[in-house]
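One structure below.
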Amino acid sequence: VLEEISIAVTLEKDALPVELTLEELKELVAHAASPKANPDNVTIANNKLTSSNGYGDDTIKAPRNTTIENNTIETTTTINVPETIITNTPTTLTATVTIDETPINGRTITFTKGNEVLAQVEVIDGVATATVTFKEAEDATITAAYTPESTGLSTSSAEATTSIQAPQTQLNIEDVE
C-alpha cells in the first residue's frame, strides 16, 4: 500500500513533446514518484499550462476522474504615464501585459482615473495604448487594469501618479527705446 504523498515536478516547457497526451504526462509523473504509483491517482495542479486553446485549466481536457486545479498563470501589468500632463492636450497612456516577461495578446486594458473610465484598449503584442485629454488641473492616479478572457490567467493592474496642470502663459516684455 502506498501512502498519499505530494511531489513537485518541474519540467522545462520545451522538454515535453507537443503530442504528449494527458494520460502520458500522468504516467510520467506517477513513475517519477514511484514505480508502484498509479497514474490514475495523479493530480495536475499549480502549473503554468499553456496551449493554443488558452491558458491554465482551459488548456486541457481530461478524463472524468482527473483533478486539474490551480493552474492560473500570473500576469503582470505595467503602466507608463507622463509625470506632468497639460490640460486640453492629447496625452498617451501605455500599459504592457506580460507572463514571465513575455508579451501576451487578447482582451483589454481599462485605463481609469479614480472611478472615471478614461479608455478601454485591446492588448496587442502585450501593449495597450490610449490617447486621452484631461480637462481639469489636479494631481491624479491613473490605473491600468487587465482582465483576461481565460480563467487560466490572473487579473493584474498597475498605477502611476501624475500632475495634470493648466498650460503656463509666459509674457516677455522687452525694453522699448
Side-chain angles (χ1 to χ4, degrees), residues 8-22 25 43-62 66-169:
V9 176
T10 301
L11 300 169
E12 295 296 324
K13 69 177 163 182
D14 296 331
L16 298 174
V18 173
E19 65 276 356
L20 186 71
T21 66
L22 180 62
L25 177 60
T43 299
I44 310 283
N46 302 314
N47 297 289
K48 294 181 178 181
L49 302 174
T50 61
S51 78
S52 60
N53 297 329
Y55 299 93
D57 292 348
D58 295 344
T59 62
I60 46 183
K61 303 296 180 223
T66 303
T67 302
I68 301 172
E69 58 189 20
N70 302 326
N71 289 299
T72 302
I73 299 171
E74 295 296 318
T75 64
T76 302
T77 298
T78 60
I79 186 171
N80 185 0
V81 176
E83 287 182 29
T84 303
I85 296 172
I86 304 301
T87 58
N88 300 312
T89 303
T91 302
T92 301
L93 310 176
T94 304
T96 59
V97 184
T98 58
I99 298 171
D100 293 331
E101 298 181 16
T102 301
I104 62 174
N105 288 312
R107 235 11 203 163
T108 57
I109 285 283
T110 301
F111 291 100
T112 57
K113 178 177 68 102
N115 292 328
E116 177 187 358
V117 174
L118 302 171
Q120 290 186 311
V121 184
E122 183 180 3
V123 178
I124 300 171
D125 293 329
V127 178
T129 302
T131 301
V132 297
T133 301
F134 297 91
K135 303 291 183 192
E136 297 180 24
E138 64 180 314
D139 289 335
T141 299
I142 309 298
T143 302
Y146 174 73
T147 305
E149 291 176 334
S150 170
T151 58
L153 294 176
S154 69
T155 60
S156 59
S157 63
E159 293 182 343
T161 57
T162 187
S163 176
I164 304 169
Q165 301 176 1
Q168 299 295 314
T169 304

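Since this is a predicted model, take the numbers as computed values, not measurements. The first residue of the sequence shown is numbered 1, and numbering continues consecutively from there. Basis for what follows: all heavy atoms, side chains included, without hydrogens, waters or symmetry-related copies.
- Two residues are said to be in side-chain contact when any heavy atoms from C-beta on lie closer than 4.5 Å; T94 and I79 fail this criterion.
- Here the shortest heavy-atom pairing between T77 and S156 reads OG1-OG, 2.6 Å.
- Pairs of residues two or more places apart, or lying in two chains, that qualify as side chain to side chain donor-acceptor pair (under 3.5 Å) and include a residue from residues 78-89 are T78-T96.
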T112 vs L118, side-chain contact (heavy atoms from CB on, under 4.5 Å): CA-CA, chis, key distance, verdict: CA-CA 5 Å; T112 57; L118 302 171; 5.6 Å; no

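- Here the shortest heavy-atom pairing between T133 and P90 reads OG1-CA, 3.6 Å.
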Take F111 and V121, measure what side-chain contact (heavy atoms from CB on, under 4.5 Å) needs, and give me the verdict at the end. CA-CA 8 Å; F111 291 100; V121 184; 4.1 Å; yes

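- Here I164 contributes atom CD1 and I86 contributes atom CD1; the two are 10.0 Å apart, rounded to the nearest 0.5 Å.
- When every heavy atom of T143 is checked against every heavy atom of E159, the shortest pair comes out as OG1-CG, 3.5 Å.
- At most 12 heavy atoms of other shown residues, nucleotides or ligands fall within 6.0 angstrom of atom CD in E101.
- Looking at every heavy atom in both residues, A137 comes nearest to A166 through CB-N, 3.8 Å.
- One finds the CZ atom of R107 at 6.5 Å from the OG1 atom of T147 (value rounded to the nearest 0.5 Å).
- Distance alone, capped at 3.5 Å, is enough to place a donor-acceptor pair between the T75 side chain and the S154 backbone.
- Side-chain polar atoms of T110 and Q120 form a donor-acceptor pair below 3.5 angstrom.
- In plain terms, the two heavy atoms of A145 and S157 that are nearest each other are CA-CB, 3.8 Å.
- Annotation: side chain to side chain contact (heavy atoms under 4.5 Å, CB included) contacts of V123 (sequence neighbours excluded): V97, I109, A128, Y146.
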Decide yes or no on side-chain contact (heavy atoms from CB on, under 4.5 Å) for I142 and L93, but give the supporting numbers first. CA-CA 9 Å; I142 309 298; L93 310 176; 4.1 Å; yes

Decide yes or no on side-chain contact (heavy atoms from CB on, under 4.5 Å) for T92 and T129, but give the supporting numbers first. CA-CA 7 Å; T92 301; T129 302; 3.4 Å; yes

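- For the pair T162 and D139, the minimum side-chain heavy-atom distance is 4.5 Å or more.
- Not counting sequence neighbours, the partners of P82 by the side chain to side chain contact (heavy atoms under 4.5 Å, CB included) test are I85, T91.
- When all heavy atoms of T161 and T141 are compared, the pair lying nearest together is CG2-OG1, 3.6 Å.
- Under 4.0 Å is where a charged nitrogen must lie from a carboxylate oxygen, and between E138 and K113 at least one such pair does.
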